[in-house]
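One structure is given here, and the rest of the page talks about it.
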Amino acid sequence: MNVFPRTRSARILGGIALVGASALVLAGCSGGGSDAAAPSASSGGGATSTADGTFHVGTILPATGNLAFLGPPEVAGVKLAIQDIEATGDAFPFTTELTERDSGDTTTDIATQSATELVDAGADVVIGAASSGVSFTFIDQLVNAGIVQISPANTSPDFTTYADDGYYWRTAPSDVLQGRVLGNLMVGDGAANVGIIYINDPYGIGLKDNATTAIEAAGGEVSAAVPYNPGDTVFTSQVDQVLASQPDAIAVIAFEETSSIIPQLVSTQGYAASKVYFVDGNLSNSYEFPAGTLQGAKGTLPGNPADTDFQSRLKQVDPALTDFSYAPESYDAVIVAALAAAQAKDDSGTAIRDNLQSVSEEGEKCTTFADCLALINEGKDIDYDGVSGPITFDANGDPTEAYIGIYQYGADNKYTLLNTEFGSLNE
């Protein structure tokens with residue numbers, strides 16, 4: 001297949017076909033942490049990533065901040081991918097290098113400092129950030145340096161039409177999909193009147209908007225959609241405002257702030273947990289609530305099943321892992337970038353950019369790095385299907401198909417799978 005540079009088009013993602021499935025899907029969170037504002041565009045140029053014989057991967061993933069719980073599985077996914085690449089020996093024509101940096105959140109400038117360090121270090125591809133809002137703080141730095149950015153967890157729809165000169169990609173689906181699954185779930189459970197508490201950032205706004213679209217399309221109504229700002233610590237007014245609309249159900253689109261919102265909503269105000277809905281940003285097994293606090297609450301999570309074999313391999317990298325959120329997406333981000341470099345026979349960011357879509361679609365199917373690399377070395381066109389799903393990038397760098405898991409909390413405040421939806425984001 002001839003490979004041409006991908007440029008960002010202003011395409012609006014359209015209809016979504018959902019098919020029920022019954023597979024284990026891993027927990028995850030994407031999202032942001034900055035006030036919602038139109039992101040500034042960049043025209044690129046001044047590339048610093050060069051073909052130097054080293055496939056240099058940088059990470060900007062959360063070691064601190066309101067998504068720090070996502071860091072360990074994402075980092076483990078990256079490291080496992082590097083191990084699998086190195087295991088192919090001389091079949092992979094480049095040496096590998098990994099440089100890890102923290103993303104923090106948008107209450108700090110850690111991510112921009114990390115991006116500067118990775119540009120200076122000569123990274124070819126950067127994996128991260130987890131937060132959409134954080135990614136918006138450094139995306140232009142990477143574009144201007146000709147470095148590919150692949151986020152394993154950004155879901156803000158704003159990235160789809162962002163002017164990134166083709167350097168931004170993601171292995172997690174846009175919240176066009178998760179928002180509609182969430183909205184359909186709430187109405188399907190009998191909620192005609194829905195309230196929403198959401199973080200006022202690109203992630204929260206995008207997910208709220210797409211959930212609202214689905215709720216209204218299904219015949220429901222959003223009676224109150226109340227934002228809070230990153231860094232807020234008191235949520236009494238938001239809870240009171242939502243409850244005043246007497247909702248049949250409430251979606252909480254939040255991050256670690258959920259630890260403060262739920263006690264106010266459920267314990268103080270007495271709202272039934274079975275009418276509360278979580279999203280990928282706050283579906284967690286680590287809440288320290290009294291037993292039964294979350295019983296009956298449901299939530300949605302993007303992500304393909306992380307089977308027991310893959311979980312075992314991740315735990316060999318990090319034995320302390322108890323959550324595997326976005327580990328498959330992180331793994332695939334590195335693998336697909338390495339395959340793009342191998343196909344191009346060039347490890348520069350520009351060459352990786354120009355081959356990413358090609359290795360994800362329309363060629364001979366393969367599911368491991370070693371098998372895909374062998375096909376490339378035989379001169380064959382490949383279609384990599386990863387552990388996170390089929391990937392199949394569109395011209396905007398978005399995966400066109402994905403899984404969304406639906407979970408429910410038990411009396412122990414731990415969630416388990418109810419079912420999984422498979423969605424296609426049609427152009």
Side-chain angles (χ1 to χ4, degrees), residues 27 29-33 66-67 69 105 175 178-179 181-201 203-212 214-215 220-301 406-416 418:
C29 166
S30 47
N66 60 4
L67 287 180
F69 73 95
D105 57 31
D175 272 328
Q178 184 185 190
V181 172
L182 173 65
N184 289 337
L185 173 64
M186 298 176 79
V187 176
D189 284 347
N193 174 20
V194 174
I196 303 175
I197 298 174
Y198 67 97
I199 185 168
N200 186 26
D201 76 343
Y203 166 71
I205 293 169
L207 193 44
K208 179 264 297 182
D209 288 346
N210 283 286
T212 298
I215 290 164
E221 176 188 1
V222 176
S223 56
V226 185
Y228 71 89
N229 292 317
D232 286 355
T233 57
V234 178
F235 304 95
T236 304
S237 63
Q238 287 88 349
V239 169
D240 288 347
Q241 187 175 342
V242 167
L243 289 178
S245 69
Q246 298 182 327
D248 300 323
I250 296 175
V252 179
I253 302 173
F255 299 132
E256 66 178 5
E257 302 87 3
T258 305
S259 294
S260 298
I261 295 171
I262 291 300
Q264 180 67 29
L265 178 64
V266 175
S267 302
T268 301
Q269 296 288 356
Y271 194 77
S274 61
K275 298 180 180 180
V276 176
Y277 292 76
F278 287 47
V279 290
D280 60 326
N282 56 3
L283 199 65
S284 171
N285 283 327
S286 62
Y287 293 117
E288 297 181 354
F289 297 142
T293 298
L294 296 178
Q295 187 169 6
K298 292 182 180 178
T300 56
L301 291 165
I406 298 172
Y407 292 81
Q408 187 169 35
Y409 280 94
D412 59 355
N413 297 326
K414 309 295 183 184
Y415 60 82
T416 56
L418 288 180

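Values below: all heavy atoms of this structure, side chains included; hydrogens, waters and symmetry mates excluded.
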Quiz item: Roughly how far apart are Asp175 CG and Asn210 CG, rounded to 0.5 Å?
Solution: 7.0 Å
Practice problem: Please answer whether the main-chain N or O of Gly204 pairs with a side-chain N or O of Asp201 as donor and acceptor at a distance below 3.5 Å. | Solution: yes
Exercise. Hey, could you give me the CD1/OG1 distance between Ile261 and Thr236, rounded to the nearest 0.5 Å?
Key: 10.5 Å
Practice problem: Write down the atom of Lys298, the atom of Leu418, and the distance for their closest heavy-atom approach. | Solution: CE-CD1, 3.8 Å
Quiz item: Nearest heavy-atom pair of Val252 and Thr258: which atoms, and what distance?
Solution: CG1-OG1, 4.3 Å
Practice problem: Decide side chain to side chain contact (heavy atoms under 4.5 Å, CB included) for Val242 and Ile196; before the verdict, give the C-alpha distance in whole Å, the side-chain angles of both, and the deciding distance to 0.1 Å. | Solution: CA-CA 7 Å; Val242 167; Ile196 303 175; over 6 Å; no
Quiz item: Just by modelled atom types, is the Glu256 backbone N or O under 3.5 Å from a matching donor or acceptor in the Asn66 side chain?
Solution: no
Exercise. Please report the closest heavy-atom contact between Ala224 and Gln241, naming both atoms and the distance.
Key: CB-O, 4.3 Å
Quiz item: Step by step, would you call Ile253 with Tyr203 a side chain to side chain contact (heavy atoms under 4.5 Å, CB included)?
Solution: CA-CA 9 Å; Ile253 302 173; Tyr203 166 71; 4.0 Å; yes
Quiz item: In terms of the angle between their ring planes, are Tyr409 and Tyr287 parallel, tilted or perpendicular, with boundaries placed at 30° and 60°?
Solution: tilted
Self-check item: Rounded distance [0.5 Å steps], CG in Asp412 versus OG1 in Thr293
Solution: 11.5 Å
Practice problem: Walk me through it: do Ile197 and Phe235 pass the test side chain to side chain contact (heavy atoms under 4.5 Å, CB included)? | Solution: CA-CA 10 Å; Ile197 298 174; Phe235 304 95; 5.9 Å; no
Quiz item: Asn193 and Ser223: side-chain hydrogen bond (donor to acceptor under 3.5 Å, both in side chains), yes or no, with the steps?
Solution: CA-CA 6 Å; Asn193 174 20; Ser223 56; 2.5 Å; yes
Exercise. Taking the side chain as every heavy atom from C-beta outward, state whether Pro247 and Tyr271 have any atom pair closer than 4.5 Å.
Key: yes
Quiz prompt | Interatomic spacing from OH in Tyr415 to OG in Ser284 - rounded to 0.5 Å | solution = 6.5 Å
Quiz item: What do the steps show when you test Val279 against Gln178 for side chain to side chain contact (heavy atoms under 4.5 Å, CB included), and what is the final call?
Solution: CA-CA 8 Å; Val279 290; Gln178 184 185 190; 3.7 Å; yes
Quiz item: Can you tell me how far CG of Leu265 sits from CD1 of Ile250, rounded to the nearest 0.5 angstrom?
Solution: 4.5 Å
Practice problem: Identify the heavy atoms of Asp232 and Glu257 that sit nearest to each other, and give their distance. | Solution: O-CG, 4.1 Å
Self-check item: Ile262 and its side-chain contact (heavy atoms from CB on, under 4.5 Å) partner, picked from Val276, Val239, Asn282
Solution: Val276
Quiz item: Under 3.5 Å, is there a donor-acceptor pair between the Asp240 and Gln269 side chains?
Solution: yes
Quiz item: If you round to the nearest 0.5 Å, how far is CZ of Phe255 from CG of Leu67?
Solution: 5.0 Å
Quiz item: Short question: side chain of Asp280, backbone of Thr300 - any donor-acceptor pair under 3.5 Å?
Solution: no
Practice problem: Could you pull out the closest heavy-atom pair between Ala214 and Gly183, with the gap in Å? | Solution: CB-CA, 4.0 Å
Quiz item: Under a 4.5 Å cut-off applied to non-hydrogen side-chain atoms, are Asn200 and Tyr228 in contact?
Solution: no
Practice problem: Verify whether one side chain among Asp209 and Tyr198 offers a donor that lies under 3.5 Å from an acceptor in the other. | Solution: no
Quiz item: Looking at Met186 and Ala251, what are the two nearest heavy atoms and their distance?
Solution: CE-N, 3.7 Å
